[in-house]
Amino acid sequence: MSDTERDAPHRRVVVQELTSLDGFVAGRSGELDFFDAVPDYGEVDRYNLRLLAYTDLALLGRKTYQMFSDYWPTEQAQGEVVAEAVNSIRKLVFSSTLDSAPWGDREPAQLWPGDAVERVQQLRQEPGGDLIVWGSITLARSLLAAELVDEIQLHVVPILLGQGRRLLDEDTGMHALTLLESKGYDSGVVTLRYRVGRAA
């Protein structure tokens with residue numbers, strides 16, 4: 001990642017998603033079975049470590065937090081390339097229903113019960129590295145609609161779902177995208193990075 005790509009007067013917000021080739025980030029009921037189309041994400045994860053080197057806070061919705069915290073801090077995730085990075089990064093969970101956000105034996109995530117857009121606007125003005133949104137479709141949509149997303153990173157899985165939940169909907173508006181990088185792997189996954197322009 002070049003210095004030019006990171007040349008911004010504020011902390012950058014990066015949305016990172018796994019998506020099917022036809023643009024779905026989850027099944028109709030939110031299921032993520034299509035992830036299993038790739039038996040080994042090692043190449044993708046090693047590349048992702050380079051991107052995470054610039055990141056110091058993960059932004060999560062409640063459902064993604066619960067899914068992540070049930071897996072990443074457990075023995076099941078030991079040996080995963082990105083496990084230590086995922087477990088050690090600071091996390092902020094947007095939820096008005098959770099009372100706490102534990103993360104195994106690691107530092108718990110912070111909770112924010114209020115408006116996500118307002119909080120991210122504040123965070124962008126504070127010193128620090130990039131802010132990354134993992135999964136969390138509703139949160140990602142809200143930040144895109146509010147023009148707070150600087151980059152979208154898509155890991156495209158070689159599968160067609162035909163139906164499901166898309167990252168974008170009619171409320172996110174039209175945004176011009178500039179391709180920053182594309183990278184393919186032997187697994188069939190393709191990573192696409194786009195700079196996000198202002199909504200039209």
Side-chain angles (χ1 to χ4, degrees), residues 12-39 41 43-45 47-48 51-52 55 58-72 82 86 91-97 112 115-121 124 130-185 187-200:
R12 300 186 325 133
V13 175
V14 176
V15 169
Q16 188 181 87
E17 304 281 347
L18 263 71
T19 175
S20 68
L21 184 58
D22 49 350
F24 296 105
V25 294
R28 293 182 65 180
S29 300
E31 65 272 16
L32 302 176
D33 298 354
F34 77 94
F35 287 12
D36 296 334
V38 177
Y41 283 93
E43 287 181 295
V44 182
D45 289 343
Y47 171 84
N48 220 24
L51 301 179
L52 291 175
T55 306
L59 309 177
L60 304 171
R62 177 183 59 81
K63 291 181 180 179
T64 299
Y65 155 71
Q66 291 175 324
M67 179 180 67
F68 275 29
S69 64
D70 285 345
Y71 177 73
W72 287 109
V82 295
V86 172
K91 303 163 190 73
L92 178 61
V93 178
F94 294 96
S95 172
S96 59
T97 59
W112 185 263
D115 183 80
V117 168
E118 180 180 327
R119 181 58 180 143
V120 172
Q121 286 175 329
R124 275 162 55 96
D130 290 348
L131 314 170
I132 192 165
V133 179
W134 279 324
S136 310
I137 299 171
T138 300
L139 174 61
R141 286 176 176 175
S142 297
L143 298 181
L144 276 165
E147 299 188 4
L148 293 177
V149 175
D150 299 278
E151 183 174 323
I152 294 177
Q153 298 172 0
L154 301 177
H155 299 304
V156 183
V157 177
I159 192 171
L160 300 172
L161 291 185
Q163 59 183 358
R165 297 188 64 192
R166 296 186 183 276
L167 171 60
L168 307 178
D169 63 11
E170 61 273 12
D171 294 329
T172 55
M174 181 183 293
H175 294 76
L177 302 178
T178 301
L179 181 65
L180 297 174
E181 187 177 12
S182 62
K183 182 174 178 58
Y185 311 92
S187 63
V189 176
V190 175
T191 293
L192 301 171
R193 293 178 48 231
Y194 291 96
R195 180 186 297 117
V196 181
R198 297 185 63 83

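The shown structure was predicted, so the numbers you read here are calculated from the model rather than taken from an experiment.
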**Study point:** Verdict with supporting geometry, Y185 and T191, side-chain hydrogen bond (donor to acceptor under 3.5 Å, both in side chains)
**Key:** CA-CA 8 Å; Y185 311 92; T191 293; 3.0 Å; yes

Review point. Under 4.5 Å between any side-chain heavy atoms of P158 and V189, yes or no?
Key: yes

Point to revise | All side chain to side chain contact (heavy atoms under 4.5 Å, CB included) counterparts of Y194, not counting sequence neighbours | key: L177, L179, L192

Point to revise | Side chain proximity check, T19 to L167, heavy atoms < 4.5 angstrom | key: no

Point to revise | Any side-chain heavy-atom pair of Y41 and V157 under 4.5 Å | key: yes

Practice item. Would you check if L148 and V117 make a side-chain contact, meaning some heavy-atom pair closer than 4.5 Å? Key: yes

Point to revise | Test item: K63 side-chain N/O and G135 main-chain N/O as donor-acceptor pair under 3.5 Å | key: no

Check your understanding: Can you list the steps and then say if I152 with L144 is a side-chain contact (heavy atoms from CB on, under 4.5 Å)?
Key -> CA-CA 10 Å; I152 294 177; L144 276 165; 4.1 Å; yes

Review point. Between E181 and Y47, does any side-chain donor sit less than 3.5 Å from a side-chain acceptor?
Key: yes

Point to revise | Audit row: R193, L51, side-chain contact (heavy atoms from CB on, under 4.5 Å) steps and yes/no | key: CA-CA 11 Å; R193 293 178 48 231; L51 301 179; 4.1 Å; yes

Point to revise | Verdict with supporting geometry, V38 and H155, side-chain contact (heavy atoms from CB on, under 4.5 Å) | key: CA-CA 11 Å; V38 177; H155 299 304; over 6 Å; no

Review point. Which heavy atom in Y65 sits nearest to a heavy atom in L60, and how many Å separate them?
Key: CA-CD1, 4.1 Å

Point to revise | Where L32 and V25 come nearest, the two heavy atoms and their spacing | key: CD2-O, 3.4 Å

Review point. Under a 4.5 Å cut-off applied to non-hydrogen side-chain atoms, are D22 and F24 in contact?
Key: yes

Review point. So do D150 and V14 actually touch side chain to side chain, heavy atoms under 4.5 Å?
Key: no

Exercise for review: With rounding to the nearest 0.5 Å, note down the distance linking CG in L131 to CG in L143.
Suggested key: 9.5 Å

Check your understanding: Distance from D115 atom CG to S142 atom OG, nearest 0.5 Å?
Key -> 8.5 Å

Check your understanding: At their closest point, which heavy atom of L161 faces which heavy atom of A26, and how far apart are they?
Key -> CD1-O, 4.4 Å

Practice item. Only counting residues at least two apart or in another chain, list the ones meeting side chain to side chain contact (heavy atoms under 4.5 Å, CB included) with T55. Key: L52, I89, D130, I132

Check your understanding: R119 versus L92: any side-chain heavy-atom pair under 4.5 Å?
Key -> yes

Review point. Shortest non-hydrogen contact from E151 to L180?
Key: OE1-CD1, 3.6 Å

Review point. Which distance, rounded to the nearest 0.5 Å, do you find between the CZ of R195 and the CZ of R12?
Key: 8.5 Å

Check your understanding: Of the non-hydrogen atoms in S136 and G61, which two are nearest, and what is the gap between them?
Key -> OG-N, 2.8 Å

Practice item. Would you please name every residue forming a salt bridge (charged side-chain N to carboxylate O under 4.0 Å, His left out) with R62, sequence neighbours left out? Key: none

Check your understanding: Is there a donor in the side chain of N48 and an acceptor in the side chain of Q16, or the other way round, less than 3.5 Å apart?
Key -> yes

Study note, to complete from the structure: Note: S29 and E31 closest approach over all heavy atoms is N-OE1, 2.9 Å

**Study point:** Any V15 side-chain heavy atom under 4.5 Å of W134 side chain
**Key:** no

Exercise for review: Would you sort out whether W112 and V93 count as a side-chain contact (heavy atoms from CB on, under 4.5 Å), showing the intermediate values?
Suggested key: CA-CA 6 Å; W112 185 263; V93 178; over 6 Å; no

